[in-house]
Novice: 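Following this message is one structure expressed as structure tokens.
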Amino acid sequence: MALNCELPPDEGTIRGEIELSRGATASKLAQTPQMGFNTWNSFKGNYNESTANQIASLLISLGLKDAGYNYLILDEGWSDMARTTDGYLQSNQSTFSNGIVPLAERVHDMGLKLGLYGDSGILTCGFRPGSWGYEERDARTLASWGVDYWKYDNCGGFQAMSNAPQERFAVMRDALERSGREIFYSVCEWGFQFPWHWGGEIGHSYRMSGDITATFINETGCPCKTAYCLNTGYAGCSVTSILRKMREISVYQKPGHWLDMDMLEVGVGSMTVYMEQTHFAFWAALKSPLIIGADLRTLRNESLAVLTNRDVIAINQDSLGEPVHFVQGVSVEGALQVWAGEVKGGNVVLVFNEKSYSQDVDVSLKELGLGIQRPVRAKELWSGKSWGKIDRVKAELGAYQTLVFRITR
Ligand code: GLA
């Protein structure tokens, strides 16, 4: 039996000169942020082939595929605890005993795409085989199975930076490019080594934070809330702690290599509808990938309505690919956040009541740095209410509510 710690094969793994500055190749598969479903937030490693089939069917029957969610991504758990005796990745022999090929075929027949999870270290976070030293071989295996998406994690050694993440992640990028199949490359480095300076050269998307949890506010988890802070503990990020970090790094958001704010917790924990709307609106408007983490078998109608709001999804998938930015001048620390940006043919403005109680807000559109001088046409995307002409947002917002205005110019 192969041991996890066996020496990697010499065959086929190309190391040495790794070129980092090649952002352009990334764009084709990622013209807009990717959308889909991932098993991790709800299932952790506890799922099997029949669960995957159920989720695939629900993506169709709940209208999620029609709304744009087309990747079914199996996170930690799909693979076996050991490679085959001759050193190949293999599916979990008890829960995916038929291998990945039949599943990939079924998923493709349904018009969906299949994603899998792996790791740039010796082991995955769940102590399954990582791809360190096996990158060429594993990329070819994925291609031969018909895999369309590869989430690539940061566990399994090298935290001393003896092998910098830039290098580890770039080796797999090159291997995927040589694999003979177009495979979306989702870099999962937890925002650990300031990936907004290099992740875009490597992945179609790259994580900017530690792991999200189904909490709206968590002051003790996820110590790194600012971009300056090197992660000292990567898990436990709440919706608002990830948003706090984006204040500083939304400027790095670029089409083709999306800053990934982690999977959605809409429908996972016990957030209120306003919290779920706020979470979804910011992920959409900041151009994060929209990857559902909820168990679709038990999804509440309210959460489904949030996830399928076409107007909000259209902001995320807008062809300009411009994120909103925090408008410091009109925001009030700890009470009111205003974010604004451009979309094709107009603008988007988010007004977020950060308080646990209702408050009246009054924000002049002229003060948002959008060049708005006269009253404009606007629609609020959660209520669907439209105005022929407005020059300010005057409203009472509920606890943690966010209004999203699409302005037409
Ligand atoms: C890390 C990643 C998560 C998930 C788990 C699986 O924590 O950041 O998104 O993939 O590993 O073990």
Side-chain angles (χ1 to χ4, degrees), residues 1-5 36-59 71-84 88-104 106-107 112-132 134 138 141-142 145 147-157 159 172 186-190 207 209-215 221-222 233-237 260 262-269 289 291-299:
M1 186 171 116
L3 293 175
N4 280 328
C5 58
F37 166 89
N38 177 301
T39 47
W40 181 250
N41 288 359
S42 287
F43 296 96
K44 298 294 180 269
N46 306 315
Y47 62 91
N48 56 29
E49 188 180 348
S50 119
T51 331
N53 285 329
Q54 268 184 304
I55 298 289
S57 301
L58 284 162
L59 282 169
Y71 284 106
L72 166 61
I73 303 157
L74 308 183
D75 209 284
E76 184 87 69
W78 71 269
S79 63
D80 206 70
M81 296 308 288
R83 289 177 176 268
T84 61
Y88 286 87
L89 278 183
Q90 61 181 339
S91 66
N92 187 318
Q93 292 301 286
S94 53
T95 51
F96 284 85
S97 55
N98 298 316
I100 295 300
V101 175
L103 175 67
R106 246 188 333 272
V107 161
L112 298 167
K113 294 177 172 198
L114 184 67
L116 294 180
Y117 160 93
D119 195 287
S120 62
I122 295 164
L123 300 173
T124 70
C125 298
F127 307 105
R128 294 177 167 82
S131 291
W132 170 250
Y134 291 86
D138 291 352
T141 301
L142 298 174
W145 289 346
V147 171
D148 307 291
Y149 186 109
W150 185 230
K151 173 175 171 181
Y152 205 46
D153 209 349
N154 196 32
C155 274
Q159 300 306 314
M172 183 50 95
S186 155
V187 167
C188 178
E189 188 265 356
W190 318 323
R207 279 266 299 275
S209 75
D211 287 6
I212 193 168
T213 50
T215 53
C222 191
Y234 74 91
C237 299
D260 175 356
D262 205 358
M263 282 104 55
L264 296 163
E265 297 284 8
V266 174
V268 180
I291 307 290
I292 298 169
D295 184 343
L296 299 184
R297 299 170 306 183
T298 52
L299 191 66

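Just so it is clear, the structure is predicted and the values come from calculations on it, not from any experiment. FYI, side chains are in, hydrogens and waters are out, and symmetry mates aren't considered; it's all heavy atoms of this structure.
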Novice: Given the rule in the side-chain contact (heavy atoms from CB on, under 4.5 Å) test, do Tyr117 and Cys125 qualify, once you have shown the distances and angles that lead to the verdict?
Specialist: CA-CA 11 Å; Tyr117 160 93; Cys125 298; 3.8 Å; yes
Novice: Do Tyr134 and Thr141 come close enough that some side-chain heavy atom pair is under 4.5 Å?
Specialist: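 No, their side chains stay 4.5 Å or more apart.
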Novice: Rounded to the nearest 0.5 Å, how far apart are CD1 of Ile292 and CG of Leu72?
Specialist: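 One gets 11.0 Å once the value is rounded to the nearest 0.5 Å.
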Novice: Between Lys151 and Arg207, what is the shortest heavy-atom contact and its length?
Specialist: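 Smallest interatomic distance, heavy atoms only, reads NZ-NH1, 4.3 Å.
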Novice: Checking the side chain of Ser91 only, and the main-chain atoms of Trp78 only, is there a donor and an acceptor separated by less than 3.5 Å?
Specialist: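 No, because the side chain of Ser91 does not come within donor-acceptor range (under 3.5 Å) of the backbone of Trp78.
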Novice: Can you see whether Asn53 engages Ser50 through a side-chain donor-acceptor pair at a distance of less than 3.5 angstrom?
Specialist: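 Side-chain D/A pair, Asn53 to Ser50: absent.
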Novice: When you measure from the side chain of Asn38 to the backbone N and O of Ile291, does any donor-acceptor pair fall under 3.5 Å?
Specialist: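 Checked: no pair found.
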Novice: Run the numbers on Asn154 and Cys188 for side-chain contact (heavy atoms from CB on, under 4.5 Å), then give the verdict.
Specialist: CA-CA 6 Å; Asn154 196 32; Cys188 178; over 6 Å; no
Novice: Walk me through it: do Arg83 and Asp138 pass the test side-chain contact (heavy atoms from CB on, under 4.5 Å)?
Specialist: CA-CA 11 Å; Arg83 289 177 176 268; Asp138 291 352; 2.8 Å; yes
Novice: Using the test side-chain contact (heavy atoms from CB on, under 4.5 Å), find all partners of Asn98 that sit at least two apart in sequence or belong to another chain.
Specialist: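 By the side-chain contact (heavy atoms from CB on, under 4.5 Å) rule, Asn98 matches Glu49, Pro102.
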Novice: To the nearest 0.5 Å, what is the distance between OG (Ser79) and CE (Met81)?
Specialist: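 It is 8.0 Å, given to the nearest 0.5 Å.
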Novice: With the side chain counted from C-beta on, respond yes when Leu116 and Leu89 share a heavy-atom pair under 4.5 Å apart, and no when they do not.
Specialist: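 Counting from C-beta outward, Leu116 and Leu89 never come under 4.5 Å.
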Novice: Tell me, with the steps shown, if Ile212 and Asn41 meet side-chain contact (heavy atoms from CB on, under 4.5 Å).
Specialist: CA-CA 9 Å; Ile212 193 168; Asn41 288 359; 4.2 Å; yes
Novice: Does Leu114 reach the side chain of Ile100, with side-chain heavy atoms less than 4.5 Å apart?
Specialist: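 SC-SC contact between Leu114 and Ile100 confirmed.
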Novice: Does a side-chain heavy-atom distance below 4.5 Å link Trp190 with Asp153?
Specialist: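 Yes - at least one pair of side-chain heavy atoms lies under 4.5 Å apart.
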Novice: With a 4.5 Å heavy-atom cut-off, do Val187 and Met172 have their side chains touching?
Specialist: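 Counting from C-beta outward, Val187 and Met172 never come under 4.5 Å.
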Novice: If you take all heavy atoms of Cys237 and Thr215, which pair is closest and at what distance?
Specialist: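 Heavy atoms of Cys237 and Thr215 come nearest at O-OG1, 4.3 Å.
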Novice: State, without any angle test, whether Asp211 and Thr213 hold a side-chain donor-acceptor pair at a distance under 3.5 Å.
Specialist: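 Side chains of Asp211 and Thr213: no pair found under 3.5 Å.
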Novice: Distance check, rounded to the nearest 0.5 Å: Leu58 atom CG versus Leu299 atom CG?
Specialist: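 The CG atom of Leu58 sits 9.0 Å away from the CG atom of Leu299.
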Novice: Is the shortest side-chain heavy-atom distance between Glu76 and Asp119 below 4.5 Å?
Specialist: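 Side-chain contact under 4.5 Å: no.
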Novice: Going from OG1 on Thr39 to CG on Asp295, what distance comes out if it is rounded to the nearest 0.5 angstrom?
Specialist: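 Thr39 OG1 to Asp295 CG: 11.0 Å, rounded to 0.5 Å.
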Novice: What distance do Thr95 atom OG1 and Asp80 atom CG have between them, rounded to the nearest 0.5 Å?
Specialist: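 So the gap between those two atoms works out to 8.0 Å.
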Novice: Quick one: closest heavy-atom pair of Trp150 and Ser131, and the distance?
Specialist: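 It is CZ2-OG, 4.0 Å.
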Novice: Provide the closest heavy-atom pair for Phe37 versus Ala294 in the form atom of the first, atom of the second, distance.
Specialist: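 Looks like CE1-O, 3.0 Å.
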Novice: Less than 4.5 Å apart, side chain to side chain, heavy atoms only: is that true for Phe43 and Ile55?
Specialist: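 Phe43 reaches Ile55 side chain to side chain.
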Novice: Counting distance only, does the side-chain N/O of Tyr47 pair as donor-acceptor with the main-chain N or O of Ser42 below 3.5 Å?
Specialist: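 No; judged by distance alone, with no hydrogens or angles, the pair does not exist.
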Novice: Return the set of residues passing ring-ring contact (aromatic ring centres under 6.0 Å, His included) with Tyr149 (not counting sequence neighbours), or none when no residue passes.
Specialist: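 With sequence neighbours excluded, Tyr149 shows a ring-ring contact (aromatic ring centres under 6.0 Å, His included) to Tyr71, Phe184, given in chain and number order.
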Novice: Drop me the distance from Asn92's CG to Leu74's CG, to the nearest 0.5 angstrom.
Specialist: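 Answer rounded to 0.5 Å: 11.0 Å.
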